[in-house]
Amino acid sequence: MPTRYVESARLPTDWGVFDMHGFEDASDNKEHVVLTMGDVSDGEPVLARVHSECLTGDALFSLRCDCGNQLEAGLKAISEAGRGALFYLRQEGRGIGLLNKIRAYKLQDAGADTVEANEQLGFGADMRDYSILGPMLEHLNIQQVRLMTNNPRKVAALEAAGVNVVERIPVHTDHNPHNEKYLKTKGAKLGHLFND
Ligand SMILES: Nc1nc2c(ncn2[C@@H]2O[C@H](COP(=O)(O)OP(=O)(O)OP(=O)(O)O)[C@@H](O)[C@H]2O)c(=O)[nH]1
Ligand SMILES: [Zn+2]
């Protein structure tokens, strides 16, 4: 199997102490982590978020997207529930990588939307592969989830991995003048479901 569980350790955060579990995908040498809190292996539905890496939004305070807010909200919700799992997948730029995301941002600065920019670079609109989730879920013995997402493809990916998605919990998005077009394109072209 190309996915290998490597090690776990404590990760204290502003929202409490998580257990961090590291995995390696030998097919592309990517390193992924899951942060869990409480006992997630008891078969009961687990409050979960599958988060796609966004260096600019998660770590560099970018207002072009809503990733940083969603990462924080996910960890906060899990800590309030006292139990849950956040999968941090290294799928930067919806799978095209950081440098190609910068190329896409340059095209967006010139007027393209997020999907058109990907296509102009020769990529599909969303190149993310969720197959890594299967072995991670199996290792943690997670069988049922309450999934925090607006993206129906993530629900389908978990179901394809053999997990029962008992509920989809919409995630709130923070609007600002810089991410308005990005959010609109997600709803209009990428199938995200928005309540707000
Ligand atoms: N190619 C590309 N990727 C982007 C862009 N903006 C954000 N991303 C990436 O998009 C991913 C986040 O995906 P989103 O489509 O915003 O949201 P989601 O994860 O599908 O859905 P939620 O679970 O509802 O948050 C991260 O990997 C970001 O790096 C962009 O303009 N172009
Ligand atoms: Zn982002």
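Here the structure is a predicted model, which means the values were calculated and not measured. Keep in mind that the numbers below use all heavy atoms, side chains included, and drop hydrogens, waters and symmetry copies. Counting from 1, the numbers follow the sequence of the chain as shown.
- Under the 4.5 Å side-chain contact rule for hydrophobic residues, Val46 and Val34 share a cluster.
- Of the possible donor and acceptor atoms, none in the side chain of Asp25 sits under 3.5 Å from a partner among the backbone N and O of Thr3.
- With contacts defined as side-chain heavy-atom distances shorter than 4.5 Å, the pair Leu86/Thr36 does not qualify.
- The CZ atom of Arg49 lies 10.0 Å from the CG atom of Leu75; values are rounded to the nearest 0.5 Å.
- Contact of the Ser52 side chain with the Arg128 side chain is registered, since non-hydrogen atoms from C-beta on lie closer than 4.5 Å.
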Worksheet entry | Working for side-chain contact (heavy atoms from CB on, under 4.5 Å), residues Leu158 and Leu147 | CA-CA 9 Å; Leu158 281 162; Leu147 189 65; 3.4 Å; yes
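- Shown here for Gly82 and Met37, the closest heavy-atom pair between the two residues is O-CG, 3.8 Å.
- Summarising the geometry of Pro45 relative to Arg146, their closest heavy-atom pair is CB-CG, 4.1 Å, with the distance given to 0.1 Å.
- In summary, the side chains of Asp19 and His21 do not present any donor paired with an acceptor at a separation below 3.5 Å, with no hydrogens or angles considered.
- The two atoms that bring Leu140 and Ser41 nearest to each other are O-CB, 3.5 Å, heavy atoms only.
- A side chain to side chain contact (heavy atoms under 4.5 Å, CB included) with Phe87 holds for exactly one of Ile132, Leu35, Leu137; it is Leu137.
- Atoms CD and NZ, from Glu53 and Lys101 in turn, are 8.0 Å apart once rounded to the nearest 0.5 Å.
- Side chains of Ser8 and Met20 form no contact here, defined as non-hydrogen atoms less than 4.5 Å apart.
- Partners of Glu72 under the salt bridge (charged side-chain N to carboxylate O under 4.0 Å, His left out) rule, at least two apart in sequence or in another chain, do not exist in this structure.
- The residues Lys76 and Glu80 are annotated as salt-bridged, a charged nitrogen and a carboxylate oxygen being separated by less than 4.0 angstrom.
- Applying the ring pair (Phe, Tyr, Trp, His ring centres under 6.0 Å) rule to His51 yields the partners Tyr88; only residues at least two apart in sequence or on another chain are considered.
- Of the inter-residue distances, the one linking Asp113 atom CG with Asn118 atom CG reads 9.5 Å to the nearest 0.5 angstrom.
- At a threshold of 4.5 Å between side-chain heavy atoms, the hydrophobic network of Ile, Leu, Val, Met, Phe, Trp and Tyr places Ile102 and Met127 in two separate groups.
- Checking Gln143 against Asn141 by side-chain atom types alone, a donor-acceptor pair falls below 3.5 Å.
- A heavy-atom distance below 4.5 Å is found between the side chains of His175 and Leu183.
- Under a 3.5 Å cut-off, the side chain of Arg4 and the backbone N or O of Glu24 do not form any donor-acceptor pair.
- Taking every heavy atom of both residues into account, Leu55 and Glu92 meet most closely at N-OE1, 2.7 Å.
- Not a single donor-acceptor pair under 3.5 Å links the side chain of Glu7 to the backbone N or O of Gly22.
- Between Lys30 and Gln91 there is no side-chain heavy-atom pair separated by less than 4.5 Å.
- Proximity of a side-chain donor or acceptor of Asn179 to a complementary backbone N or O of Asp174 within less than 3.5 Å is detected.
- The backbone N or O of Glu31 lies less than 3.5 Å from a partner atom in the side chain of Arg90, making a donor-acceptor pair.
- The residues Asp42 and Arg83 are annotated as salt-bridged, a charged nitrogen and a carboxylate oxygen being separated by less than 4.0 angstrom.
- Residue Gln70 comes nearest to Asn150 through the heavy atom pair NE2-ND2, 4.4 Å, listed as atom of the first residue, atom of the second, then distance.
- When all heavy atoms are compared, the tightest approach of Ala112 to Ala117 is CB-N, 4.0 Å.
- Within the 4.5 Å cutoff, the side chain of Leu107 has no heavy atoms near those of the Glu116 side chain.
- A donor-acceptor pair under 3.5 Å is absent between the side-chain atoms of Glu180 and the main chain of Pro177, judged by distance alone.
- Placement of Leu47 and Phe18 within a single hydrophobic cluster is found when ILVMFWY residues are connected by side-chain heavy-atom separations under 4.5 Å, directly or transitively.
- Using modelled atom types, one finds no donor on one side chain facing an acceptor on the other under 3.5 Å when comparing Thr149 with Asn151.
- Between atom CD of residue Glu44 and atom CG of residue Asp39 there is a gap of 10.0 Å, rounded to the nearest 0.5 Å.
- Ring geometry for His139 against Tyr5 counts as parallel: the plane angle stays under 30°, on a 0 to 90° scale with 60° as the upper cut.
- Residues Val145 and Leu133 fall within the same hydrophobic cluster, defined by Ile, Leu, Val, Met, Phe, Trp and Tyr side chains chained together at heavy-atom separations under 4.5 Å.
- With Lys154 contributing its side chain and Val50 its backbone, the two residues share a donor-acceptor pair below 3.5 Å.
- Looking at Tyr105 and Asn100, their side chains never come closer than 4.5 Å, going by heavy atoms from C-beta outward.
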Worksheet item: Going through the distances and angles, do Gln108 and Thr114 end up as a side-chain contact (heavy atoms from CB on, under 4.5 Å)?
Response: CA-CA 7 Å; Gln108 289 168 40; Thr114 51; 3.6 Å; yes
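- The number of heavy-atom neighbours closer than 6.0 Å to NZ of Lys106, taken from other residues, nucleotides and ligands shown, is 12 or below.
- Both Phe23 and Tyr130 are part of a single hydrophobic cluster, where members link through side-chain heavy atoms under 4.5 Å apart.
- Looking at heavy atoms from C-beta onward, Arg168 lies in side-chain contact with Leu193 at the 4.5 angstrom threshold.
- The salt bridge (Lys or Arg N to Asp or Glu O under 4.0 Å) pairs that include a residue from residues 56-70 are Arg64-Asp109, Asp66-Lys186, where partners are two or more places apart or lie in different chains.
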